[in-house]
There are 2 protein chains.
Amino acid sequence: MAKRVSIKDIANKVGVSTALVSYVLNGLEKEKRIGPEVVKKIHEAVKELNYQPNQIARSLRKGSTSTIGLIVADISNPFFGQLARVVENEAAQFGYAVVFGSSDENAANSAILIKTLVNRQVDGLILAPPEGSAEQIKYLMNQGIPFVLVDRYLPDISTNRVVLDNYNATYSAVKCFVANGYRRITLVAYKSTLVHMRERIRGYQEGMKDNGLSDFIVVKEVRYNQIKEDMEAIMTGLLNERGMDAVLFATNALSISGLYAIRKSEVKVPEELAVIGFDGHEVFDFFQPPLSYIQQPLEEMGKESVRVLIDQIRGSQKTVHIEMRHQLITRKSCG
Amino acid sequence: MAKRVSIKDIANKVGVSTALVSYVLNGLEKEKRIGPEVVKKIHEAVKELNYQPNQIARSLRKGSTSTIGLIVADISNPFFGQLARVVENEAAQFGYAVVFGSSDENAANSAILIKTLVNRQVDGLILAPPEGSAEQIKYLMNQGIPFVLVDRYLPDISTNRVVLDNYNATYSAVKCFVANGYRRITLVAYKSTLVHMRERIRGYQEGMKDNGLSDFIVVKEVRYNQIKEDMEAIMTGLLNERGMDAVLFATNALSISGLYAIRKSEVKVPEELAVIGFDGHEVFDFFQPPLSYIQQPLEEMGKESVRVLIDQIRGSQKTVHIEMRHQLITRKSCG
DNA sequence: AAGTTAGAATTAAACGTTTAAGCAGTGCTT
DNA sequence: AAGCACTGCTTAAACGTTTAATTCTAACTT
């Protein structure tokens with residue numbers, strides 16, 4: 001690796017001190033009353049030597065890295081991939097770069113990632129906390145490290161967060177089913193104590209109750225790391241019994257996994273079974289007939305997370321709780 | 001932000017110099033002949049104060065950051081999302097973190113990203129170079145910055161690279177079509193001079209020729225940033241003419257976009273039109289009937305990229321060109 | 001007794017920036 | 001002639017590590 005050009009090389013070439021070079025590079029030539037010829041010479045030398053600032057040195061001195069960390073469950077999951085993209089763009093607007101990590105919904109992984117990123121002195125974190133990560137979140141608070149929770153949050157700790165109106169989302173999905181004549185509606189969710197999941201479940205349950213369907217409430221829970229097996233078992237059970245006429249999936253991955261099972265059976269959608277998915281991706285449109293889904297305002301969620309985080313980084317003392325409105329996209333599978 | 005604990009705090013607490021603390025933290029207690037009681041005391045103090053090393057300071061001093069940069073076209077594209085995930089995991093194995101950026105197939109964006117990441121002193125880069133990025137790549141070479149190209153490469157410059165056997169991929173897709181009785185096979189590709197695309201086109205063309213179908217060669221090219229409009233126009237044209245009985249898409253995004261158009265028309269797949277996609281995602285299975293696709297060995301590509309890059313970072317002088325074998329996954333849409 | 005060796009620690013420079021503080025020199029005021 | 005204000009620059013410390021060089025003491029050789 002060819003030795004990089006430093007501020008010192010510029011200073012030597014022009015015959016001034018490094019301080020002047022630094023001032024000029026930071027646009028302080030007026031404020032620091034630097035002679036115009038010197039300014040010009042410095043700019044020339046910078047061009048000529050193709051000087052590139054060393055962000056690491058800068059970070060060390062300034063105590064901030066202009067980097068934010070993003071910890072999601074899985075970057076290869078389109079939901080988080082899209083979120084990452086929005087975060088990347090928005091962060092770039094503010095001059096921040098993004099380091100990411102996937103926790104796989106595992107608290108131990110999350111702890112390692114947080115430690116790694118904090119040691120790398122990220123200025124702040126955007127994270128989707130997995131189950132059992134309360135200690136880590138408290139640690140961040142104690143250390144005064146700015147962060148924003150996204151997608152889920154911890155009910156016992158008041159932190160900055162940007163989440164969906166999960167309760168309303170499933171509530172309105174149930175309503176949609178009911179409006180279209182479905183009654184025996186099943187919810188397939190993740191087995192999790194995380195609030196977003198509990199809220200989705202609660203929204204479903206209340207929706208059923210409010211529509212006089214308490215007797216038909218069925219909530220099936222799938223384990224995150226055994227999604228295939230669990231889904232297989234649950235769906236074949238459900239489909240064989242023929243006791244349900246509609247199914248609501250509580251996440252993106254669950255929707256896709258569930259659809260596999262449905263397709264394997266010969267059940268007709270929506271004649272025999274109505275389906276609503278979550279975090280719809282455009283590919284949901286390919287299911288025959290196209291799938292209805294609850295859509296999250298990813299663009300806004302991502303942008304808002306970054307903005308809130310940067311506010312925190314800049315010293316804001318407020319704690320903000322943002323709840324975004326879902327949108328129910330109805331296709332032929334329901335409605 | 002509560003002032004962080006530094007090596008100096010440990011040194012003060014124990015009553016030794018910072019050098020000793022550093023040695024102990026780096027496991028050099030034997031080599032540097034440090035007294036056993038001191039070692040113990042240092043370890044205790046580290047625990048007690050919950051010391052976390054400052055990677056930035058470390059990086060500055062050591063001249064390496066244990067960070068790699070990943071520049072893809074779009075992290076929200078499942079192909080790159082999955083690749084990113086593999087890269088993340090593999091990099092973590094070697095103690096590297098990953099900073100990412102999306103170029104949107106735009107050379108100017110790519111240039112900015114490269115500059116940003118290089119200024120942040122990443123130890124190396126994995127990148128999918130967009131069209132017109134030759135200068136940037138040469139710059140990296142001149143600077144001696146380790147990097148690996150992935151997915152595509154520049155034919156005029158010999159660099160480390162990990163790519164698919166693009167030529168064979170489309171060639172064998174054509175073969176599959178032909179074996180199943182299709183003749184009027186159209187290729188829909190990106191309008192691009194990038195080698196991977198040219199190779200995919202060439203594979204198709206040669207495949208057609210070798211099967212005596214020279215007269216039926218039709219290659220349509222779609223612009224990356226106008227994919228919807230172009231695809232719309234092309235597909236309606238193709239479908240109206242009814243001059244084709246099979247279509248091959250040259251990327252993931254093209255496949256999805258093309259399928260939209262196909263579904264809008266009332267054309268039956270595979271009776272009236274056979275389809276093969278690229279970079280198949282599991283969701284391709286949902287198309288009715290399931291779509292055949294060319295599958296890239298993403299897991300291996302990602303891992304290999306990281307390994308090659310780390311080899312370079314460690315000083316390897318070899319330049320490696322790795323071509324991975326595709327796999328043709330045939331579903332009912334062809335075969 | 002002088003010299004060597006080994007063990008255990010310290011010192012201080014270095015990485016590339018930023019930035020507070022200081023210092024000349026000039027010209028102006030009184 | 002002394003004081004002041006301005007202009008334009010330099011000095012040097014600091015950020016938190018790593019690490020080569022050095023120092024000190026005690027024990028061991030001859």
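Throughout, protein chains are lettered first and strands after them, A, B, ... in sequence-line order, and every chain is numbered starting at 1.
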Name all pairs fulfilling the side-chain hydrogen bond (donor to acceptor under 3.5 Å, both in side chains) condition that reach into [range], sequence neighbours left out, sorted by first residue then second.
range	result
residues 105-115 of chain B	B:E105-B:R152, B:S110-B:Q136
residues 302-313 of chain A	A:E90-A:R307
residues 57-73 of chain A	A:N26-A:R58, A:T65-A:D123, A:T67-B:R120

Please determine whether a side-chain nitrogen of the Lys or Arg among [X] and [Y] lies less than 4.0 Å from a carboxylate oxygen of the Asp or Glu.
X	Y	value
B:E323	B:R161	no
A:K40	A:E37	no
B:K47	B:E44	no

Discussion item. What's the angle between the local helix axes at either end of the helix from C:dA1-D:dT30 to C:dT30-D:dA1, using five pairs per end and rounding to 10 degrees?
Written reply: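 Comparing the first five pairs with the last five, the axes sit 80° apart.
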
[atom1]-[atom2] distance between [X] and [Y], expressed to the nearest 0.5 angstrom:
X	Y	atom1	atom2	answer
A:Q296	A:L164	CD	CG	4.5 Å
A:S133	A:L149	OG	CG	8.0 Å
B:L127	B:I114	CG	CD1	5.5 Å
A:I42	A:L25	CD1	CG	7.5 Å

Item to complete: State, without any angle test, whether A:H321 and A:T159 hold a side-chain donor-acceptor pair at a distance under 3.5 Å.
Response: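 Short answer, no.
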
Item to complete: Identify, between B:L60 and B:G15, the residue whose nearest nucleotide on DNA chain C lies closer to the 5' end.
Response: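 Result of the comparison: B:G15.
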
Worksheet item: By a strict heavy-atom criterion of less than 4.0 Å, which residues belonging to residues 16-23 of chain A are in contact with DNA chain D?
Response: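 Contacting residues: A:V16, A:S17, A:A19, A:L20.
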
Discussion item. Among residues 27-48 of chain B, which ones have heavy-atom contacts with DNA chain C below 4.0 Å?
Written reply: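 Going residue by residue through residues 27-48 of chain B, the ones with a heavy atom under 4.0 Å of DNA chain C turn out to be B:R33, B:I34, B:G35, B:V38.
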
Distances under 3.5 Å between protein N/O atoms and the N/O atoms of nucleotides 24-27 of chain C, please, pair by pair.
none

Worksheet entry | Listed partners of A:K41 passing salt bridge (charged side-chain N to carboxylate O under 4.0 Å, His left out), at least two apart |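 Listed in chain order: nothing, the list is empty.
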
Item to complete: Could I get the full list of salt bridge (charged side-chain N to carboxylate O under 4.0 Å, His left out) partners for A:E131, not counting sequence neighbours?
Response: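 By the salt bridge (charged side-chain N to carboxylate O under 4.0 Å, His left out) rule, A:E131 matches no residue at all.
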
Worksheet item: Who pairs with A:Y153 by ring pair (Phe, Tyr, Trp, His ring centres under 6.0 Å), at least two apart in sequence or on another chain?
Response: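 Ring pair (Phe, Tyr, Trp, His ring centres under 6.0 Å) check on A:Y153 returns nothing, list empty.
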
Item to complete: Under the ring pair (Phe, Tyr, Trp, His ring centres under 6.0 Å) rule, collect the residues that match up with B:F147, sequence neighbours excluded.
Response: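 Not a single residue meets the ring pair (Phe, Tyr, Trp, His ring centres under 6.0 Å) criterion with B:F147.
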
Practice prompt. Provide the start and end nucleotides, 5' to 3', of the part of DNA chain D that has atoms under 4.0 Å from heavy atoms of chain B.
Written response: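 Nucleotide range in contact with chain B: D:dG16 to D:dA20.
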
